[in-house]
Peer 1: 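Can you keep this structure in mind? I'll have questions shortly.
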Amino acid sequence: MTTSKELVSKFNDIVLTTYGPHQAFKQTACPMSCGADDLVFVFESSTAPHAAAVIVTCLQVAEQIKDWSNAFIVVVSDVRLAQAKIKQHFDDYKTHDLEWDAVHPSAVLHHTVKLGEGCRVGPNAVVGANCVFSENVTVRAGAIIEHGVVIGADSIINANVNIGYGSQLGQRVVVQAGATIGSEGYGFAADKQNHYHRVPHTGRVVLGNDVQVGANSCIDRGTYGDTSIAAGVKIDNLVHIAHNVEVGEDTMLTAQTVIAGSTKIGKRVIASGQTGVLDHLTIADDAILVHRCGVSDNITSGGMWAGSPAKPFKEFVRGLALHKKVAKLELQIKQLSKQFPVK
Amino acid sequence: MTTSKELVSKFNDIVLTTYGPHQAFKQTACPMSCGADDLVFVFESSTAPHAAAVIVTCLQVAEQIKDWSNAFIVVVSDVRLAQAKIKQHFDDYKTHDLEWDAVHPSAVLHHTVKLGEGCRVGPNAVVGANCVFSENVTVRAGAIIEHGVVIGADSIINANVNIGYGSQLGQRVVVQAGATIGSEGYGFAADKQNHYHRVPHTGRVVLGNDVQVGANSCIDRGTYGDTSIAAGVKIDNLVHIAHNVEVGEDTMLTAQTVIAGSTKIGKRVIASGQTGVLDHLTIADDAILVHRCGVSDNITSGGMWAGSPAKPFKEFVRGLALHKKVAKLELQIKQLSKQFPVK
Amino acid sequence: MTTSKELVSKFNDIVLTTYGPHQAFKQTACPMSCGADDLVFVFESSTAPHAAAVIVTCLQVAEQIKDWSNAFIVVVSDVRLAQAKIKQHFDDYKTHDLEWDAVHPSAVLHHTVKLGEGCRVGPNAVVGANCVFSENVTVRAGAIIEHGVVIGADSIINANVNIGYGSQLGQRVVVQAGATIGSEGYGFAADKQNHYHRVPHTGRVVLGNDVQVGANSCIDRGTYGDTSIAAGVKIDNLVHIAHNVEVGEDTMLTAQTVIAGSTKIGKRVIASGQTGVLDHLTIADDAILVHRCGVSDNITSGGMWAGSPAKPFKEFVRGLALHKKVAKLELQIKQLSKQFPVK
C-alpha cells in the first residue's frame, strides 16, 4: 500500500490542491471497475466512482464530486499527463525485473560485446560483434541484435525483435516485439528484360532518444546515409518506414501507416491509422493526417488534412457533401426542364 | 488408403445419401488436379472430375453427375463444412506430431512452468515463470511465452510468436507464426513541450476458445482491464487490434484490418481486407464491412456497409454512380442554356 | 582502395566511354555527402559533386560536367542499373561473411538436414527434418525452417523468419527479417450456429529464383496446391499474400499490399503501397496499380489503374475533378433560375 501523502509529496510539482482525508492505495485502476484499494484517474464527473481510495482529477470535476466522494481527491491541471507519470511511478510493469538471469546462459553474445551496468539479455537472444550497450539496456528473449549496434541507456528491446547491423539507438528507446529495424530497403534497378537488380543498402537506421517502435513494424536502412527517426517519435504497430526517410521530433505515426522512400516528415506530425505517404515528399511540421489520408504531394502547412489525395480538412468535408449537392441540382434541372421543355 | 465405408461411417451424421460402389482414397485433393486415389469436394457440376475415387458434393450436383461418374458419391447438405470436417479428420497436417522431442532440450522453461499431458515445446522456444498449459498444447520453435501465461488444451502457438506476460488463451486457440500478443498499447500523454509520456499498460489480452490469430498480427494489452477476443473469432494476417478493444463471438477480421483503441466489435461481424475502425466506437452484431470500409462513427445495425466514411452498401453504390449523374446534368444544362441563353 | 581501371575492366560491357584521368575510390556514396575517396552515381547534372573520385553517369550529364569535374567520369546508358551492379560488386554488405561460425553451435539442425557447401546457419536458428539446402545458403540467427524445406543456392534467410514445412525456394532468394512463409491460409466453413471450422491447408508455398520477400510480410500456403511466386518477383515489407495466389514473373508488390485468396497476378505488374486486390481475380500483365488501388474486379489490360474501385487512370483523374464540375453546374443553374424563375 502507498499512502496519498507519499503520492502528493512525490508529485508536488503537479498537484494543485487536494480534498478530503488521506487514504492508502494499492494500485491504479479503471474508474468503471475499481475497488476500495485503488487510485483512479477521472476525466469527467459522470465517471467518478464511489469506491476508489484516491481520485486524481481536474479542478472542475473535483468541485462537482468533493462533497459526496469519500476518496482523497488530488487536483491536477492535466489528468492525462498525471496518469502517465503517476502510473509509471507506482504501477508500471517492472520491465527490468525479469524472471531470468541478468544475462541468460542460453543467450549468445559475441565476445566483443560491451554491456553497461545493469544490462539484461534474455533467453535465446543473440548479440553480434562489437555491439555497445549503455547501462540498464534490456534485450528480451529471442531478440536478434546484429553486429555494431549501439544502444543508449534504459532502452528496452522486446521479444523476437531484429535490429540490423550498425543501427544506432538513443536512450529510453522502446522497440516492441516482432519489430524489424534495419532491413534492406526496397530499391531495385530494372534491366532491358525487366528483371530487377537490387541496389545494396549500406546506410543505417538511427533512432533518437525516447523513440518507441510498435510491434511488428519495419524501418528499412538507408541506401547510403541514414533512415532517421528523431527524438520522441512514437510509432504504432505494423507501420512501414522505407529507406532514407526522415521523421521529425515528437511525431506520431499510428497503426499501419506507410511512409515511402526518402520522404521527410516534419515535427509533431500526427498520422492516424492506415495513412499512406508517397516517396520523396515533404510533410510540414504540425500536419495532422486523418481519415486514412493518402498523401501524393508535399504538405506545405500544418493543420488537418484528409482524404486521398490529401486535401485540407474543410475541402474534404465539402467533398463528402457532393452527393447531396448533385441530388439538389437534379431536382432544379427537373423543374426547369418541365417549365421550359427542350425542343 | 481409407475406404469410403469408413468415411460414411465416421461422418454418418452429415451424409444424406450415397451413389455408386465403394472406393478407397489416399488423400484429399483439388478437383482440377486430382488422381484416382483422391477424395475431392465438388461445389459445381462443371468442376466434377473424371478421375477421383470419392466425390463429396450436394444433392443437385450429385443428380447431374451420378450417371457418368465412376466415383463413390457422398451427398451432404453443406459441402464447404463437410470439407472442413473431413479434411481435418483424414488429411490434416499432424500439428502435434513434430519431428522434435516433446520438450526439446534447447527450449528454455522456467522451473515454475506447469505443462499438461501431451504438451510439446519446440527448439529454442522460451516459457516464462508460472505459465500453466493444459494438455496437448504445442509451442513451436522460437516462440517466446512470457511469465504468467495460461493456455487451454489443444492450442497451438506457432514459430516466433510472442505472447506477453499474463495473457489468457482458451482451448483450441491457434496463433500463427510471428504474431505478437500482449504488446503495450499505444497510449501517451503530451506535456506542454509536446513530448509524449507513455501510459503504462498493465491490463491483459484474453483470447476465448477456438480463436485464431493470423501471422504477424498484433493484439495490444489493455490499459487497466482486458483486450478481449471472444470465442470463435478468426483473425487473418497483419491485423492490428489496439488496447481495450472487445471483439464479439464468431467475428472475422480479414487481412490488414485495424481496430483502434477501446472499440467494441459485435458478434458475427465480418471485416474484409484493409478495413479500418476508429477508436471508442461500437459496431453492431452481424455488420459486414466491405470495400475497404473506413468506419469513423458507430455502426448501429447489421448488414453491409462500405466506403470511407462507412455508409450502407446501397448508398455506397449510389455514390459510385455520381460521375454518370453529373455527366447527364451537364448535358441537360447545355441543352437548356442553348435554348435559353443567359443574358 | 579500388582503381577506376579495375572498375572499367570489370564492367566493360556497360561502360560507353570515360573522361578524365584514372582515380582510386574506397566506397560508393551519395552525391550530396561524398568525399574524395568516393564513387558516386549522378542522375542529373545539378547534383554532380565537386568532391568525388569517380562519377558514374549518363552521356548527357557527362557532357555538362566533364570540363569542370576533377573526377574520373564513367558513362553508362542506364545509371540506375549501373548503380545496382557496381554497388553489389564493390560495396555490398558481405552477407555471407558473418561474425559467427559457419554453423553456430547454438543452432538446432535435425540430423537428416542436408547442407550444401558454404552454407551458414546463425545462432539459435532451427532447421527441421529433411531440409535440403544448396550451396551458399545463409540462414541468419533465430530463423525457424520447418521440415522438408528446399532452398536453392545463394539464398539468404534473415533473422527471425519462419519458413513453413514443405516450402520450396529457388536460387538467390532473399527473405527479409520477420517474414512468415507457409502459414495456414484463412479458409473456414461456417456451420448453422455460425461457428467457423478451419479447412486444413496442406499445399505449399513455392518461390522462384531471385524472389525477394520483405520484412514482416506473410505468404500463406495453398489449400491443396501451391501459392506460387514466380522468378524475379520483389515483395516489399508488410505485404499479405493469401492462399492459392499466383504471382507472375518480375512483378513488384509494394509495402502493405494485400492479395486475397486464389487471385492470379500477371507478369511485370506493379502494385504501389497499400494496394488491395480481392479474391479469385485475374490481373493482366503489365498492369500498374497506383493511388491505393482497390481492385474488386478483373483487370483485363496493362497500363495504369487507380482508385477504389479500380478504374483506368484517366477516369480516376476525371473523378477527382467532379467537385469542380458540380460547382460549375451550380453556377449555371443559378443563372438559369434567375432568368427563368420556376413558377
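These values consider heavy atoms only, across backbone and side chains, with no hydrogens, waters or symmetry-generated copies. These numbers were taken from a predicted model, which means no experiment stands behind them. Below, chains carry the letters A, B, ... as their sequence lines are ordered, and counting in each starts from 1.
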Peer 1: What's the spacing between A/Gln332 CD and B/Leu329 CG if we round to 0.5 Å?
Peer 2: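 Reported value, rounded in 0.5 Å steps: 10.0 Å.
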Peer 1: Considering residues, nucleotides and ligands other than A/Lys26, do more than 12 of their heavy atoms fall under 6.0 Å from its NZ?
Peer 2: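 No, NZ of A/Lys26 has 12 or fewer neighbouring heavy atoms, counting only those of other groups under 6.0 Å.
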Peer 1: Using side-chain heavy atoms (C-beta onward) and a distance below 4.5 Å, is B/Phe188 in contact with A/Met252?
Peer 2: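 A side-chain contact under 4.5 Å exists here.
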Peer 1: Quick check for you: among B/Asn194, B/Asp191, B/Val161, which has the greatest number of heavy-atom pairs under 4.5 Å with chain A?
Peer 2: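 If we count pairs closer than 4.5 Å to chain A, B/Asn194 comes out on top.
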Peer 1: Below 4.5 Å from any heavy atom of chain B, which atoms of A/Ser308 appear? Answer side chain, backbone, both or neither.
Peer 2: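 Interface part for A/Ser308: neither.
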Peer 1: Can you tell me if A/Asn237 and B/Asp220 form a side-chain donor-acceptor pair at under 3.5 Å?
Peer 2: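 Checked: A/Asn237/B/Asp220 side chains pair up, N/O donor to acceptor below 3.5 Å.
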Peer 1: Name the region of A/Ile86, side chain, backbone, both or neither, that has any atom closer than 4.5 Å to a heavy atom of chain B.
Peer 2: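 Neither the backbone nor the side chain of A/Ile86 comes within 4.5 Å of chain B.
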Peer 1: When only heavy atoms count and the cut-off is under 4.5 Å, which of residues 105-115 of chain B reach chain A?
Peer 2: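 Residues B/Ser106, B/Val108, B/Leu109, B/His110 are the ones that qualify, each having a heavy atom under 4.5 Å from chain A.
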Peer 1: If I measure from the heavy atoms of chain B, does A/Lys267 come under 4.5 Å with its side chain, its backbone, both, or neither?
Peer 2: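 When you check distances to chain B, no heavy atom of A/Lys267 falls under 4.5 Å.
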Peer 1: Check this for me, if you would: do A/Asp78 and B/Lys192 make a salt bridge, where the nitrogen-to-carboxylate-oxygen distance has to be below 4.0 angstrom?
Peer 2: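 Answer for the salt bridge query: no.
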Peer 1: Examine whether an atom of B/Arg221 lies under 4.5 Å from a heavy atom of chain A, and if so say whether it belongs to the side chain, the backbone or both; otherwise answer neither.
Peer 2: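 Neither part.
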Peer 1: Closer than 3.5 angstrom, by distance alone: can the side chain of A/Gln88 be matched with the main-chain N or O of B/Arg198 as a donor-acceptor pair?
Peer 2: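 Side chain of A/Gln88 to backbone of B/Arg198, a donor-acceptor pair under 3.5 Å: yes, one is there.
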Peer 1: May I have the step-by-step check of side chain to side chain contact (heavy atoms under 4.5 Å, CB included) for B/Asn162 and A/Arg140, ending in yes or no?
Peer 2: CA-CA 11 Å; B/Asn162 174 232; A/Arg140 292 255 164 77; over 6 Å; no
Peer 1: To check you understand the geometry: which heavy-atom pair defines the closest contact between B/Val126 and A/Asn124, and what is its length?
Peer 2: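 Closest approach of B/Val126 to A/Asn124, heavy atoms only: CG2-ND2, 3.6 Å.
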Peer 1: Quick one: pull up OG1 in B/Thr223 and NZ in A/Lys87 and give me the separation to the nearest 0.5 Å.
Peer 2: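 Taking OG1 in B/Thr223 and NZ in A/Lys87, the distance rounds to 7.5 Å.
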Peer 1: Spell out, as yes or no, whether a donor-acceptor pair under 3.5 Å connects the side chain of A/Asn160 to the backbone of B/Asn160.
Peer 2: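 Such a contact is found between A/Asn160 side chain and B/Asn160 backbone.
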Peer 1: Can you name the residues that form a side-chain hydrogen bond (donor to acceptor under 3.5 Å, both in side chains) with A/Gln83, not counting sequence neighbours?
Peer 2: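 A/Gln83 satisfies side-chain hydrogen bond (donor to acceptor under 3.5 Å, both in side chains) with B/Tyr224 only.
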Peer 1: For the atom pair OG1 (A/Thr254) and CG (B/Asp279), what is the distance rounded to the nearest 0.5 Å?
Peer 2: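 So the OG1 of A/Thr254 and the CG of B/Asp279 are separated by 9.5 Å.
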Peer 1: Considering only heavy atoms, which portion of B/Val295 lies under 4.5 Å from any heavy atom of chain A: side chain, backbone, both, or neither?
Peer 2: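 Contact with chain A is absent: no heavy atom of B/Val295 under 4.5 Å.
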Peer 1: Under the side-chain hydrogen bond (donor to acceptor under 3.5 Å, both in side chains) rule, collect the residues that match up with B/Thr180, sequence neighbours excluded.
Peer 2: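 Once residues adjacent in sequence are excluded, the partners of B/Thr180 under the side-chain hydrogen bond (donor to acceptor under 3.5 Å, both in side chains) criterion are A/Asn216.
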Peer 1: Counting only heavy atoms closer than 4.5 Å, note whether B/Ala242 contacts chain A via side chain, backbone, both or neither.
Peer 2: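 No part of it gets close to chain A.
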Peer 1: For a quick test of reading the model, state the closest non-hydrogen atom pair linking B/His197 to A/Ala84 and the distance between them.
Peer 2: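 Nearest pair, atom of B/His197 first, then A/Ala84: O-CB, 3.6 Å.
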Peer 1: Given heavy-atom pairs under 4.5 angstrom as the criterion, report whether the side chain, backbone, both or neither of A/Gln274 touches chain B.
Peer 2: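 It is the side chain, since no backbone atom gets that close.
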Peer 1: Roughly how far, to the nearest 0.5 Å, is the CD1 atom of B/Ile144 from the CG atom of A/Asn158?
Peer 2: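 Reported to 0.5 Å precision, the distance equals 11.0 Å.
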Peer 1: In terms of heavy-atom proximity below 4.5 Å to chain A, should B/Ala129 be classed as side chain, backbone, both, or neither?
Peer 2: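 Answer is both: backbone and side chain atoms of B/Ala129 are under 4.5 Å from chain A.
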Peer 1: Could you tell me which residues in residues 207-214 of chain A have at least one non-hydrogen atom under 4.5 Å from a non-hydrogen atom of chain B, sorted by residue number?
Peer 2: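 Residues in range: A/Gln212.
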Peer 1: So B/Thr202 and A/Asp91, side chain to side chain contact (heavy atoms under 4.5 Å, CB included) or not? Walk me through it.
Peer 2: CA-CA 8 Å; B/Thr202 51; A/Asp91 196 22; 4.3 Å; yes
Peer 1: For the candidates B/Ala179, B/Ser183, B/Gly225, which exhibits the highest count of non-hydrogen atom pairs separated by less than 4.5 Å from chain A?
Peer 2: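 Most heavy-atom pairs within the cutoff with chain A belong to B/Ser183.
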Peer 1: Is A/Ser272 in contact with chain B via its backbone, its side chain, both, or neither, using a 4.5 Å heavy-atom distance?
Peer 2: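 Contact with chain B involves no heavy atom of A/Ser272 at all.
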Peer 1: Do you know the tightest heavy-atom contact between A/Gln256 and B/Thr257?
Peer 2: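 Nearest pair, atom of A/Gln256 first, then B/Thr257: NE2-O, 3.9 Å.
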Peer 1: So which part of A/Phe90 gets closer than 4.5 Å to some heavy atom of chain B, the side chain, the backbone, both or neither?
Peer 2: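 Neither part.
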Peer 1: Looking at every heavy atom in both A/Leu253 and B/Tyr186, which two are closest together, and how far apart are they?
Peer 2: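 So the two residues come closest at N-OH, 3.4 Å.
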Peer 1: Select, from A/Ala141, A/Gly142, A/Gly178, the one with the greatest count of heavy-atom pairs under 4.5 Å involving chain B.
Peer 2: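 Highest number of pairs under 4.5 Å: A/Ala141.
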Peer 1: Taking every heavy-atom pair that is under 4.5 Å apart, which of B/His201, B/Gln193, B/Glu184, B/Glu315 has the most such pairs with chain A?
Peer 2: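 Most heavy-atom pairs under 4.5 Å with chain A: B/Glu184.
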